Protein chains: 2
Amino acid sequence: MSLNCQDEVEATLEVLVGKWKLIILSHIALNKTMRFGEFQKSIPDITKKMLSSQLRDLEYHGIISRKVYNQMPLKVEYAITEYGESLKPILDTLVHWGKNHIEYMSSQEKKVVDSSG
Amino acid sequence: MSLNCQDEVEATLEVLVGKWKLIILSHIALNKTMRFGEFQKSIPDITKKMLSSQLRDLEYHGIISRKVYNQMPLKVEYAITEYGESLKPILDTLVHWGKNHIEYMSSQEKKVVDSSG
DNA sequence: CGGCATCCGGAATGATACTG
DNA sequence: CAGTATCATTCCGGATGCCG
(Lines give C-alpha, C1' and ligand atoms only; values in the text may rest on other atoms or scores of the structure.)
Protein backbone atom coordinates (compact mmCIF):
# COMPACT_ATOMS: atom_id res chain seq x y z
CA MET A 1 0.00 0.00 0.00
CA SER A 2 1.16 3.52 -0.70
CA LEU A 3 2.18 5.57 2.26
CA ASN A 4 2.17 8.91 0.57
CA CYS A 5 -1.27 10.34 0.05
CA GLN A 6 -0.67 12.50 -2.96
CA ASP A 7 -3.67 11.28 -4.94
CA GLU A 8 -6.07 11.86 -2.10
CA VAL A 9 -4.77 15.33 -1.42
CA GLU A 10 -4.95 16.17 -5.12
CA ALA A 11 -8.50 14.90 -5.37
CA THR A 12 -9.53 17.16 -2.54
CA LEU A 13 -7.62 20.10 -3.94
CA GLU A 14 -9.37 19.71 -7.27
CA VAL A 15 -12.65 20.46 -5.55
CA LEU A 16 -11.37 23.18 -3.24
CA VAL A 17 -8.91 25.03 -5.46
CA GLY A 18 -9.82 28.62 -6.21
CA LYS A 19 -9.24 31.81 -4.33
CA TRP A 20 -12.71 31.98 -2.81
CA LYS A 21 -14.12 28.48 -2.47
CA LEU A 22 -13.10 27.86 1.09
CA ILE A 23 -14.12 31.35 2.05
CA ILE A 24 -17.52 30.77 0.52
CA LEU A 25 -17.81 27.46 2.28
CA SER A 26 -16.84 28.95 5.61
CA HIS A 27 -19.88 31.20 5.27
CA ILE A 28 -22.45 28.84 3.88
CA ALA A 29 -21.48 26.12 6.32
CA LEU A 30 -22.89 28.27 9.07
CA ASN A 31 -26.19 29.11 7.40
CA LYS A 32 -29.06 27.00 6.22
CA THR A 33 -29.34 29.02 3.04
CA MET A 34 -27.63 32.03 1.57
CA ARG A 35 -28.56 34.31 -1.29
CA PHE A 36 -26.22 35.72 -3.91
CA GLY A 37 -26.38 39.17 -2.40
CA GLU A 38 -25.67 37.85 1.06
CA PHE A 39 -22.43 36.36 -0.16
CA GLN A 40 -21.50 39.70 -1.65
CA LYS A 41 -22.13 41.44 1.66
CA SER A 42 -20.22 38.81 3.61
CA ILE A 43 -17.30 38.81 1.20
CA PRO A 44 -16.89 42.44 0.13
CA ASP A 45 -13.81 41.92 -2.04
CA ILE A 46 -15.27 39.27 -4.30
CA THR A 47 -16.62 40.31 -7.69
CA LYS A 48 -19.89 39.05 -9.11
CA LYS A 49 -18.03 37.11 -11.73
CA MET A 50 -15.82 35.31 -9.25
CA LEU A 51 -18.67 34.61 -6.88
CA SER A 52 -20.74 33.25 -9.71
CA SER A 53 -18.02 31.01 -11.11
CA GLN A 54 -16.93 29.66 -7.76
CA LEU A 55 -20.51 28.91 -6.80
CA ARG A 56 -21.00 27.09 -10.10
CA ASP A 57 -17.89 25.00 -9.51
CA LEU A 58 -19.04 24.05 -6.04
CA GLU A 59 -22.46 23.17 -7.37
CA TYR A 60 -20.90 21.07 -10.13
CA HIS A 61 -19.00 19.06 -7.55
CA GLY A 62 -22.14 18.52 -5.50
CA ILE A 63 -20.95 20.61 -2.57
CA ILE A 64 -23.73 23.17 -2.68
CA SER A 65 -27.21 23.29 -4.14
CA ARG A 66 -28.90 26.13 -6.00
CA LYS A 67 -32.60 26.88 -5.90
CA VAL A 68 -34.23 29.50 -8.07
CA TYR A 69 -37.47 31.22 -7.11
CA ASN A 70 -39.35 32.42 -10.18
CA GLN A 71 -40.45 35.71 -8.79
CA MET A 72 -39.65 39.36 -9.14
CA PRO A 73 -37.32 40.50 -7.88
CA LEU A 74 -35.32 37.38 -8.59
CA LYS A 75 -34.39 35.18 -5.68
CA VAL A 76 -31.81 32.40 -5.60
CA GLU A 77 -30.92 30.41 -2.55
CA TYR A 78 -27.75 28.44 -2.06
CA ALA A 79 -27.36 25.73 0.51
CA ILE A 80 -24.70 23.28 1.48
CA THR A 81 -25.53 19.72 0.49
CA GLU A 82 -25.14 16.66 2.65
CA TYR A 83 -22.04 15.82 0.67
CA GLY A 84 -20.81 19.35 1.23
CA GLU A 85 -21.30 18.89 4.94
CA SER A 86 -18.64 16.21 4.81
CA LEU A 87 -16.17 19.01 4.15
CA LYS A 88 -16.82 20.55 7.55
CA PRO A 89 -13.99 18.70 9.28
CA ILE A 90 -11.62 20.24 6.76
CA LEU A 91 -13.04 23.68 7.42
CA ASP A 92 -12.78 23.13 11.13
CA THR A 93 -9.11 22.19 11.03
CA LEU A 94 -8.44 25.12 8.71
CA VAL A 95 -10.15 27.57 11.03
CA HIS A 96 -8.50 26.10 14.07
CA TRP A 97 -5.03 26.29 12.59
CA GLY A 98 -5.64 29.77 11.19
CA LYS A 99 -6.72 31.02 14.59
CA ASN A 100 -3.55 29.73 16.15
CA HIS A 101 -1.45 31.02 13.29
CA ILE A 102 -2.85 34.53 13.65
CA GLU A 103 -1.87 34.54 17.31
CA TYR A 104 1.54 33.20 16.42
CA MET A 105 2.08 35.92 13.85
CA SER A 106 0.95 38.73 16.13
CA SER A 107 3.34 37.49 18.79
CA GLN A 108 6.13 37.59 16.22
CA GLU A 109 5.10 41.08 15.21
CA LYS A 110 5.67 42.52 18.67
CA LYS A 111 9.36 41.84 18.34
CA VAL A 112 9.44 43.97 15.19
CA VAL A 113 7.19 46.77 16.45
CA ASP A 114 9.59 46.99 19.38
CA SER A 115 12.01 49.06 17.31
CA SER A 116 9.46 51.83 16.74
CA GLY A 117 8.53 52.22 20.35
CA MET B 1 -18.02 37.36 18.55
CA SER B 2 -17.78 36.69 14.87
CA LEU B 3 -19.46 33.60 13.61
CA ASN B 4 -17.89 33.49 10.20
CA CYS B 5 -14.31 32.38 10.14
CA GLN B 6 -13.10 34.11 7.04
CA ASP B 7 -9.97 35.59 8.56
CA GLU B 8 -8.84 32.30 10.00
CA VAL B 9 -9.38 30.45 6.75
CA GLU B 10 -7.55 33.15 4.83
CA ALA B 11 -4.63 33.06 7.25
CA THR B 12 -4.28 29.34 6.71
CA LEU B 13 -4.66 29.68 2.98
CA GLU B 14 -1.89 32.24 2.86
CA VAL B 15 0.49 29.58 4.10
CA LEU B 16 -0.87 26.69 2.10
CA VAL B 17 -1.76 28.30 -1.21
CA GLY B 18 0.24 27.07 -4.16
CA LYS B 19 -0.15 24.16 -6.48
CA TRP B 20 2.33 21.91 -4.70
CA LYS B 21 2.59 22.93 -1.07
CA LEU B 22 0.14 20.42 0.31
CA ILE B 23 1.54 17.74 -1.95
CA ILE B 24 5.01 18.48 -0.64
CA LEU B 25 3.73 18.43 2.91
CA SER B 26 1.97 15.14 2.39
CA HIS B 27 5.36 13.65 1.56
CA ILE B 28 7.58 15.30 4.12
CA ALA B 29 5.08 14.70 6.89
CA LEU B 30 5.81 11.00 6.56
CA ASN B 31 9.59 11.26 6.57
CA LYS B 32 12.07 12.56 9.08
CA THR B 33 14.08 14.28 6.37
CA MET B 34 13.88 14.59 2.61
CA ARG B 35 16.41 15.76 0.06
CA PHE B 36 15.70 17.92 -2.93
CA GLY B 37 16.14 14.99 -5.29
CA GLU B 38 13.83 12.81 -3.26
CA PHE B 39 11.05 15.32 -3.70
CA GLN B 40 11.64 15.27 -7.42
CA LYS B 41 11.37 11.51 -7.51
CA SER B 42 8.27 11.48 -5.36
CA ILE B 43 6.60 14.26 -7.34
CA PRO B 44 7.59 13.59 -10.95
CA ASP B 45 5.53 16.42 -12.45
CA ILE B 46 7.05 19.24 -10.43
CA THR B 47 9.84 21.35 -11.92
CA LYS B 48 12.97 22.35 -10.06
CA LYS B 49 11.79 25.93 -10.03
CA MET B 50 8.44 25.13 -8.51
CA LEU B 51 9.88 22.74 -5.98
CA SER B 52 12.46 25.30 -4.98
CA SER B 53 10.01 28.16 -4.65
CA GLN B 54 7.40 26.20 -2.77
CA LEU B 55 10.02 24.88 -0.38
CA ARG B 56 11.25 28.40 0.22
CA ASP B 57 7.73 29.61 0.97
CA LEU B 58 7.19 26.81 3.42
CA GLU B 59 10.52 27.53 5.07
CA TYR B 60 9.65 31.22 5.28
CA HIS B 61 6.47 30.41 7.14
CA GLY B 62 8.32 28.14 9.52
CA ILE B 63 6.67 24.96 8.30
CA ILE B 64 9.83 23.22 7.20
CA SER B 65 13.51 23.57 7.95
CA ARG B 66 16.44 23.48 5.57
CA LYS B 67 19.86 22.15 6.40
CA VAL B 68 22.80 22.44 4.03
CA TYR B 69 25.76 20.08 4.20
CA ASN B 70 28.89 21.73 2.85
CA GLN B 71 30.17 18.81 0.90
CA MET B 72 30.48 17.69 -2.67
CA PRO B 73 28.22 16.66 -4.13
CA LEU B 74 25.93 19.13 -2.42
CA LYS B 75 23.46 17.79 0.08
CA VAL B 76 20.43 19.57 1.46
CA GLU B 77 17.98 18.07 3.88
CA TYR B 78 14.48 19.32 4.48
CA ALA B 79 12.47 18.43 7.53
CA ILE B 80 9.10 19.36 8.90
CA THR B 81 9.29 21.65 11.91
CA GLU B 82 7.33 21.30 15.09
CA TYR B 83 5.14 24.13 13.90
CA GLY B 84 4.72 22.32 10.61
CA GLU B 85 3.60 19.25 12.49
CA SER B 86 0.63 21.24 13.66
CA LEU B 87 -0.61 21.13 10.07
CA LYS B 88 -0.98 17.37 10.19
CA PRO B 89 -4.63 17.46 11.25
CA ILE B 90 -5.34 19.48 8.12
CA LEU B 91 -3.49 16.97 5.98
CA ASP B 92 -5.33 14.14 7.65
CA THR B 93 -8.75 15.59 6.96
CA LEU B 94 -7.71 16.36 3.39
CA VAL B 95 -6.51 12.84 2.79
CA HIS B 96 -9.54 11.36 4.45
CA TRP B 97 -11.97 13.38 2.40
CA GLY B 98 -10.00 12.80 -0.80
CA LYS B 99 -10.10 9.06 -0.27
CA ASN B 100 -13.83 9.13 0.13
CA HIS B 101 -14.24 11.49 -2.79
CA ILE B 102 -12.26 9.20 -5.10
CA GLU B 103 -14.57 6.33 -4.23
CA TYR B 104 -17.57 8.56 -4.72
CA MET B 105 -16.37 9.62 -8.15
CA SER B 106 -15.57 6.10 -9.31
CA SER B 107 -19.04 5.02 -8.26
CA GLN B 108 -20.48 7.86 -10.33
CA GLU B 109 -18.32 6.83 -13.27
CA LYS B 110 -19.84 3.37 -13.52
CA LYS B 111 -23.16 4.89 -14.46
CA VAL B 112 -21.49 6.63 -17.39
CA VAL B 113 -19.32 3.70 -18.49
CA ASP B 114 -22.54 1.72 -18.59
CA SER B 115 -23.39 3.16 -21.98
CA SER B 116 -20.26 1.70 -23.60
CA GLY B 117 -20.84 -1.84 -22.34
C1' DC C 1 23.40 17.81 -6.51
C1' DG C 2 20.66 21.66 -5.54
C1' DG C 3 19.13 25.84 -7.06
C1' DC C 4 18.68 30.62 -9.25
C1' DA C 5 17.81 33.90 -13.49
C1' DT C 6 15.36 34.73 -17.46
C1' DC C 7 11.89 34.44 -20.61
C1' DC C 8 7.26 33.17 -21.76
C1' DG C 9 2.32 31.30 -22.17
C1' DG C 10 -1.92 30.44 -20.25
C1' DA C 11 -4.95 30.25 -16.58
C1' DA C 12 -6.96 32.75 -12.86
C1' DT C 13 -8.75 36.92 -11.37
C1' DG C 14 -10.56 41.60 -11.81
C1' DA C 15 -13.36 45.93 -13.74
C1' DT C 16 -17.06 47.36 -16.13
C1' DA C 17 -21.20 47.31 -18.72
C1' DC C 18 -25.27 44.96 -19.93
C1' DT C 19 -29.54 41.75 -19.29
C1' DG C 20 -33.97 39.09 -17.80
C1' DC D 1 -31.79 40.64 -7.67
C1' DA D 2 -28.78 37.60 -9.79
C1' DG D 3 -26.31 36.94 -12.85
C1' DT D 4 -23.55 36.99 -18.06
C1' DA D 5 -20.34 39.10 -21.66
C1' DT D 6 -16.37 41.32 -22.70
C1' DC D 7 -12.02 43.14 -22.11
C1' DA D 8 -7.84 43.95 -19.29
C1' DT D 9 -4.47 42.42 -16.03
C1' DT D 10 -2.05 39.83 -12.90
C1' DC D 11 0.25 36.03 -11.58
C1' DC D 12 1.31 31.24 -11.38
C1' DG D 13 3.89 27.97 -13.16
C1' DG D 14 6.67 25.74 -17.08
C1' DA D 15 11.08 25.48 -20.23
C1' DT D 16 15.59 26.27 -20.53
C1' DG D 17 20.20 27.48 -19.40
C1' DC D 18 23.77 28.69 -16.09
C1' DC D 19 26.25 28.28 -11.61
C1' DG D 20 28.79 26.71 -7.20
Side-chain angles (χ1 to χ4, degrees), chain A residues 6 9-28 31-61 63-80, chain B residues 6 9-10 12-28 31-61 63-81:
Chain A
Q6 191 167 332
V9 172
E10 281 177 353
T12 306
L13 259 33
E14 195 193 321
V15 175
L16 297 182
V17 77
K19 190 172 178 178
W20 305 99
K21 295 216 180 102
L22 282 161
I23 306 289
I24 288 172
L25 284 174
S26 77
H27 284 275
I28 203 169
N31 298 278
K32 279 304 163 198
T33 65
M34 280 189 80
R35 299 181 59 179
F36 195 87
E38 292 182 299
F39 281 115
Q40 289 191 288
K41 270 172 233 148
S42 302
I43 315 171
D45 289 346
I46 199 171
T47 62
K48 283 182 173 186
K49 176 183 173 180
M50 275 299 100
L51 180 55
S52 174
S53 83
Q54 306 271 295
L55 285 172
R56 257 187 286 117
D57 287 355
L58 290 170
E59 188 194 1
Y60 172 81
H61 285 290
I63 308 302
I64 63 173
S65 64
R66 178 172 181 272
K67 184 174 179 183
V68 183
Y69 292 77
N70 282 320
Q71 61 180 47
M72 285 303 289
L74 210 55
K75 177 176 171 182
V76 179
E77 277 184 353
Y78 293 90
I80 193 163
Chain B
Q6 191 167 331
V9 172
E10 281 178 352
T12 306
L13 259 34
E14 194 193 322
V15 175
L16 296 181
V17 77
K19 192 173 178 179
W20 305 99
K21 294 212 182 108
L22 282 160
I23 307 290
I24 288 172
L25 285 175
S26 77
H27 284 275
I28 203 170
N31 298 276
K32 279 304 162 198
T33 65
M34 282 189 78
R35 298 183 57 181
F36 195 88
E38 292 182 300
F39 281 115
Q40 289 190 290
K41 270 173 234 151
S42 302
I43 316 171
D45 289 346
I46 199 171
T47 62
K48 281 182 174 187
K49 175 184 173 179
M50 275 301 102
L51 180 54
S52 173
S53 82
Q54 307 272 295
L55 286 172
R56 252 186 291 120
D57 286 356
L58 290 171
E59 189 195 359
Y60 172 81
H61 285 290
I63 308 302
I64 62 173
S65 63
R66 180 172 180 271
K67 183 175 181 182
V68 183
Y69 292 82
N70 282 319
Q71 60 180 51
M72 284 304 288
L74 211 55
K75 178 176 170 182
V76 179
E77 277 184 354
Y78 294 90
I80 192 164
T81 63

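First the proteins, then the strands, lettered A, B, ... as listed; each starts at 1. Keep in mind that this is a model prediction, so the values were computed, not measured.
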Rounded distance in Å - CG (A/Asp45) to C1' (C/dA12): 17 Å
d(CD1, A/Ile46; C1', C/dA12) in whole Å: 13 Å
Nearest heavy-atom neighbours spanning B/Leu74 and B/Arg35: O-NH2, 3.3 Å
Rounded to whole Å, please give me the gap between CG in B/Leu13 and C1' in C/dT13. 15 Å
Roughly how far apart are B/Glu77 CD and B/Phe36 CZ, rounded to 0.5 Å? 14.5 Å
How far apart are the closest heavy atoms of A/Val15 and A/Lys21, and which atoms are they? O-CD, 3.6 Å
Protein-nucleotide distance (B/Gln71, atom CD; C/dG2, atom P), rounded to Å: 10 Å
Given the options A/Leu51, A/Asp45, A/Leu55, A/Trp20 meets side-chain contact (heavy atoms from CB on, under 4.5 Å) only with A/Asp45
Ignoring hydrogens and angles, tell me if any N or O in the side chain of B/Ser42 forms a donor-acceptor pair with the backbone of B/Glu38 under 3.5 Å. yes
Between P on C/dT13 and CD1 on A/Ile23, what's the gap in Å once rounded to a whole number? 12 Å
Could you state the atom-to-atom distance from CG of A/Leu51 to P of C/dA12 in whole Å? 17 Å
Let me have a per-nucleotide readout for nucleotides 1-13 of chain D, 5' to 3', with B, S or -, counting only protein heavy atoms under 4.0 Å. BBBS-BB-----B
Can you give me the closest heavy-atom contact between B/Ile24 and B/Gln54, atom names plus distance? CD1-CB, 3.7 Å
